[in-house]
J.: 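Have a look at the structure that comes next, please.
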Amino acid sequence: MLELDLTLTAEQTLAECRGRGLVVRSERELAGLAGSRHWHLGIPGRAGTLELNEWHDRVWVKVHPLRDGGWAEALARDLSAQRTG
């Protein structure tokens, strides 16, 4: 499983993903982490899931094996390389 920390905020990451055509498929709290936020994002009509997580001051993305869909890992790496302005 790929897991990368981001310097972007969750809101900046969501905006960047929406700008690339992704939609939020689900949003919930991470099990056992009160106050956390967890999103599943995807491209409509395509396989693959990018997971976005926020807890305290940490924001990170995950891509599970077999859920890349040909795009999620590359996007996760691109997001992790971006720096806040």
Side-chain angles (χ1 to χ4, degrees):
M1 173 174 45
L2 178 69
E3 181 174 324
L4 299 168
D5 287 317
L6 305 182
T7 60
L8 300 173
T9 66
E11 289 75 22
Q12 289 170 325
T13 304
L14 286 167
E16 178 69 23
C17 288
R18 286 185 184 110
R20 294 177 185 227
L22 277 75
V23 297
V24 174
R25 291 182 176 154
S26 67
E27 180 179 351
R28 63 178 179 82
E29 189 173 85
L30 285 167
L33 298 178
S36 66
R37 295 165 69 191
H38 174 79
W39 297 265
H40 282 192
L41 296 118
I43 299 172
R46 291 188 60 189
T49 300
L50 178 74
E51 295 185 27
L52 172 63
N53 305 285
E54 178 184 49
W55 190 53
H56 295 297
D57 292 329
R58 182 180 180 215
V59 177
W60 68 100
V61 288
K62 284 185 176 183
V63 179
H64 285 273
L66 306 178
R67 291 193 188 164
D68 174 59
W71 60 268
E73 183 175 331
L75 177 56
R77 292 187 186 283
D78 188 44
L79 292 169
S80 73
Q82 292 189 30
R83 301 291 174 242
T84 56

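If you're wondering where the values come from, they're calculated on a predicted model, not measured in any experiment. Positions are given from 1 along the sequence.
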J.: Look at the side-chain heavy atoms of Ile, Leu, Val, Met, Phe, Trp and Tyr, link any pair under 4.5 Å apart, and say whether L30 and V24 land in one connected group.
T.: no
J.: State plainly whether one hydrophobic cluster holds both L50 and W60, where clusters connect Ile, Leu, Val, Met, Phe, Trp and Tyr through side-chain heavy atoms under 4.5 angstrom apart.
T.: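 L50 does not cluster with W60.
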J.: Could you tell me which non-hydrogen atom of Q82 sits nearest to which non-hydrogen atom of T7, and how far apart they are?
T.: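 Looks like O-OG1, 2.9 Å.
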J.: Can any side-chain N or O of R25 pair as donor or acceptor with the backbone N or O of P44 at less than 3.5 Å?
T.: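 It does not hold such a pair.
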J.: Show the nearest heavy-atom pair for residues A76 and V63, with the distance to one decimal.
T.: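 Taking A76 first and V63 second, the nearest heavy atoms are CB-CG2, 4.0 Å.
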J.: Between R37 and E54, is there a salt bridge with N-O shorter than 4.0 Å?
T.: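 Looking at E54 and R37, the cut-off is met.
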J.: Where do A47 and W71 come nearest, in terms of heavy atoms and distance?
T.: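 For A47 and W71, the tightest heavy-atom pair comes out as O-NE1, 2.7 Å.
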J.: Closest approach of V59 and A10, non-hydrogen atoms and distance?
T.: CG2-N, 3.8 Å
J.: Supply the atom-to-atom distance S26 OG to E51 CD, rounded to the nearest 0.5 angstrom.
T.: 8.5 Å
J.: Answer yes or no: is there a side-chain heavy-atom contact under 4.5 Å between L41 and L52?
T.: yes
J.: With a 4.5 Å limit on heavy-atom distance, are the side chains of H64 and T49 in contact?
T.: no
J.: Given side chain to side chain contact (heavy atoms under 4.5 Å, CB included), test L33 with N53 step by step and report yes or no.
T.: CA-CA 11 Å; L33 298 178; N53 305 285; over 6 Å; no
J.: Nearest heavy-atom pair of R77 and L2: which atoms, and what distance?
T.: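 Nearest pair, atom of R77 first, then L2: NH2-CD1, 3.4 Å.
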J.: Would you say W39 and L4 are hydrophobically clustered, going by side-chain heavy atoms of ILVMFWY under 4.5 Å?
T.: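 Hydrophobic grouping puts W39 with L4.
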J.: How many angstroms lie between atom CZ of R28 and atom NE2 of H40, to the nearest 0.5 angstrom?
T.: 6.0 Å
J.: Looking only at heavy atoms, which two atoms of D68 and E73 are closest? And how far apart?
T.: OD1-N, 2.6 Å
J.: Could you state the interatomic distance from CD (E11) to CD (E16), rounded to the nearest 0.5 Å?
T.: 14.0 Å
J.: Rounded at 0.5 Å granularity, tell me how far CG in L6 sits from CG in L79.
T.: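 It comes to 6.0 Å.
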J.: Working to the nearest 0.5 Å, report the span between CE of M1 and CZ of R67.
T.: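 The CE atom of M1 sits 10.0 Å away from the CZ atom of R67.
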J.: Quick one, L14 and E27 - any side-chain contact, counting heavy atoms below 4.5 Å?
T.: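 With C-beta onward as the side chain, the pair stays apart.
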